[in-house]
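Protein chains get the first letters and strands the later ones, always in sequence-line order, with residue 1 at the start of each.
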Amino acid sequence: MKVRTILMLLLIVTLALPTTSLLAQGQVELRVLWYNDGIEGDVLRELLDRFEAENPGIKVAIDVVAYADLHNILRAQVEAGGANAPDMVRVTDTAAFRDFYLDLTPYLADPEYWTANFAAPVLNSFRKGEDDQGIYGFPTQFTVTGPFINRTLFEQAGVDVPSDVMEQPTWADWEAAAVEVAEVTGVPYAIAIDRSGHRVWGPALSNSATFLNPDGSFTVDSPGFRKTAEMIIGWHERNITPLGVWVESGGEYASARPEFVNGQLVMYMSGSWQIAGFSTDIGTTFDWDAVPNPWGEGGSTGIPGGAVMAGLNTTAHPEEVAKVMEYLASEEILGEFTAKTLFIPGHIGLATKGVAYVTDDPNVEQALNTFLAEVPKLSDEAYGLQYSPITFPLNVNIRDRLSQVIVGELTLDEAIVKIQEAVDQAYIEVYGSK
Amino acid sequence: MILISRTIPPRTRQAFSDALVKPFELLMSTLDLLLMPLQRLLGMRRMAYFFVAPNMIIFGVFILLPMLLNFYYGFTKGQSILLTKREFVGTENIETLLACEDYSNPNTCSEDLFWRGVRNTATYVAAQVSTMVLLALATALALNQKVVLRGFFRSVFFYPVLLSPVVVALIWKWFLRYDNGLLNFLLESLGYERVQFLADASWARFWVIVVSDWAQMGFYTLILLAGLQAIPASLYEAAEIDGANVWKRFRFVTLPLLMPTMTVVLVLAFIRAVQVFDQVFVLTGGGPGTATLYIVQYIFRQAFVVSPRQYGMGAAASLLLALVLLVLTLTQLYFARRSEAT
């Protein structure tokens with residue numbers, strides 16, 4: 001009987017322990033739902049450790065999930081609400097969660113700092129309906145799409161890099177040069193573009209495509225879009241691009257990063273977020289450069305992008321959330337985050353003053369400067385596309401339908417009709433009618 | 001144990017046995033302490049419900065409730081996952097899925113990917129189930145003979161069943177890759193051209209079936225082997241005395257007596273084939289294009305990939321799938337029972 005009594009007491013004490021310890025601490029624990037492209041999770045943890053030391057009453061836990069699951073997990077958590085919902089989040093599909101962002105304005109010491117330092121299209125992307133004042137979050141980084149080249153291969157082939165010798169090289173110029181380099185050096189692939197509609201937009205706009213209508217809807221069919229689609233289809237027909245990217249990848253995003261990193265690819269259309277990874281994975285194996293977006297009848301533009309961090313209105317601690325957000329969005333802390341993660345800053349002040357990046361890799365420095373020079377060239381349409389509430393349907397449908405054209409399941413005409421139907425449907429779901 | 005009982009003195013053995021038994025006794029008496037008052041309160045009969053309750057709760061929460069939710073989702077639309085915020089639209093989702101000008105051409109259907117999924121799944125099920133059941137039967141027949149290293153071969157065929165479908169798909173993906181794939185490396189070493197195994201629609205469909213057969217065959221082989229071993233040897237001896245050759249013994253003894261087991265295998269293999277998803281998703285992602293996009297991946301795509309999410313459409317497609325599965329399984333069982341009766 002004695003043993004039984006002791007066991008029962010032990011059971012009760014064990015069950016009661018966690019509750020009492022939490023109460024004793026008297027701390028607010030905030031949770032941020034996060035995904036990683038590279039080392040930014042570690043950098044964030046380092047910055048939050050300092051924040052916690054300065055603010056002993058607040059602890060911030062980072063829940064890291066895979067990017068592919070991020071939006072589904074967040075949707076379930078915020079709709080369920082309660083203790084399961086995170087207090088803050090880092091997302092890329094900003095428009096999808098506009099019902100759930102927390103307006104930080106009443107809690108911010110200096111709301112004007114936010115409007116002065118973060119671009120209006122980004123701040124607007126959080127807002128819904130008539131709201132044009134609310135402050136809900138900030139961009140953790142800015143990205144720009146653009147091409148990379150393997151400069152060592154150009155040198156080995158004795159072929160001039162088009163942007164070194166021409167003022168406004170077109171896609172046709174780049175393609176011809178890349179094919180020549182691949183032929184001379186025996187590299188299997190001349191040119192590749194990520195399997196993503198977002199990556200196709202830049203070349204399409206440069207080829208004079210227009211997607212955005214004044215009412216916010218999209219028109220897919222245009223000579224510029226057709227020209228770009230035909231160019232990508234042509235790469236596959238001529239077997240100068242790795243089929244693993246657009247053909248083998250089914251319904252998913254895919255990149256040609258492995259081929260480029262392994263020195264099997266001459267020119268790779270991707271974006272600034274690749275820089276840190278290239279620095280680590282390529283190292284001194286070969287020289288790689290970012291080059292300006294090729295020119296066309298529509299000029300030369302990449303597409304902006306990046307991730308944003310926002311507070312969520314499901315939180316029980318809005319004041320503490322605002323405090324953390326204010327800390328992370330401050331010029332000093334965001335500057336440190338940017339410098340260590342090798343991102344392009346989404347902060348106007350930092351972009352103007354420049355960032356002292358923590359790297360001794362000359363390729364990284366060159367690439368960052370190239371992408372920074374692309375920022376002023378970004379067209380209004382590029383911003384409009386990226387920050388539209390129906391940007392994702394356009395992105396995903398261009399990606400999947402073009403793949404079907406490449407493998408012969410659809411003609412380009414049929415694909416354009418299907419993409420148009422999908423974005424029209426998305427427009428109706430977001431705006432109510434067309 | 002024999003070695004222990006011979007070498008260890010009885011007192012040590014007793015102490016050893018006590019050390020093993022005591023914790024269990026303690027655990028049981030603690031449980032007794034908790035359950036006795038409950039039994040006094042509920043009575044003996046109702047205690048049965050108490051013991052069944054955990055399983056029923058798990059079944060209810062993780063199977064029954066999702067099924068009911070899915071049923072309701074299929075008749076609603078909207079972006080919210082909360083039922084209260086979803087608009088009831090009746091059979092609109094099902095009508096959209098079925099709307100087609102020409103069923104032989106998916107491009108004319110309003111949900112063309114659904115019909116591509118249906119067509120691909122039908123082809124896959126027919127090819128995969130038939131090849132796998134034949135292979136499993138052949139393997140079971142071979143393993144039922146007195147062959148050298150029989151135990152080893154039984155383990156070898158069963159081993160892939162233990163692997164996660166994701167692991168299976170990754171292993172085969174590395175094997176089949178165009179760049180640095182083992183199979184293409186072997187082909188090149190032998191002087192042949194490399195082949196786009198996963199970028200060519202026909203090859204991709206072929207390999208999806210091969211990988212599924214490889215991964216699942218061991219399981220069905222084991223069931224069929226059990227069925228074969230249950231057939232009395234005396235029947236074969238009698239058939240042999242009557243002059244039946246190997247084929248006739250198989251045709252008139254093995255096959256009829258194996259039919260109940262075959263039915264189980266066919267139903268299980270069929271249901272599993274219709275539900276194919278994870279392995280193919282990792283191996284081909286549904287590509288090239290939509291060549292290996294099967295119906296469950298279509299459902300997953302609608303509910304968790306496209307933006308804005310089409311939860312209602314995904315749920316409606318899964319309702320149609322469940323209906324088709326139910327009808328086909330009942331038909332299969334009906335014919336199996338009829339043939340058993342005759």
(request) Look at Asp99(A) together with Lys85(B) and state whether they make a salt bridge at an N to O cut-off of under 4.0 Å. (result)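 Salt bridge between Asp99(A) and Lys85(B), a charged N being under 4.0 Å from a carboxylate O: no.
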(message) Can you confirm whether Leu113(B) sits close enough to Lys418(A) that some side-chain heavy atom of one is under 4.5 Å from a side-chain heavy atom of the other?
(response)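 No, too far: nothing below the 4.5 Å cut-off.
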(request) Dump the intermediate steps for side chain to side chain contact (heavy atoms under 4.5 Å, CB included) on Glu248(A) and Gln196(B), then the final yes or no. (result) CA-CA 9 Å; Glu248(A) 269 182 30; Gln196(B) 292 279 4; 3.8 Å; yes
Heavy-atom cut-off 4.5 Å, strictly under: side chain, backbone, both or neither for [X] against chain B?
{"X": "Glu252(A)", "result": "side chain"}
{"X": "Glu79(A)", "result": "both"}
{"X": "Ala96(A)", "result": "neither"}
{"X": "Asn262(A)", "result": "neither"}
{"X": "Val407(A)", "result": "side chain"}
{"X": "Ala68(A)", "result": "neither"}
{"X": "Tyr189(A)", "result": "side chain"}

(request) Can you measure from CD (Gln404(A)) to CG (Asn107(B)) and round to the nearest 0.5 angstrom? (result)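 Taking CD in Gln404(A) and CG in Asn107(B), the distance rounds to 7.5 Å.
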(request) Calculate, to the nearest 0.5 Å, the distance between atoms CD and OG1 belonging to Gln425(A) and Thr96(B) respectively. (result)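 If we round to the nearest 0.5 Å, Gln425(A):CD and Thr96(B):OG1 are 8.5 Å apart.
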(request) For the pair Glu409(A) (side chain) and Thr290(B) (backbone), establish whether a donor and an acceptor sit closer than 3.5 Å, ignoring hydrogens and angles. (result)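 Here the side-chain-to-backbone pair exists.
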(message) Taking every non-hydrogen pair under 4.5 Å, which of Ala199(B), Ala291(B), Gly287(B) racks up the most with chain A?
(response)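 Looking at each option in turn, the highest pair count goes to Ala199(B).
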(request) Output the option from Pro288(B), Gly286(B), Ser110(B) having the highest count of non-hydrogen pairs under 4.5 Å with chain A. (result)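 Top count of heavy-atom pairs under 4.5 Å with chain A: Pro288(B).
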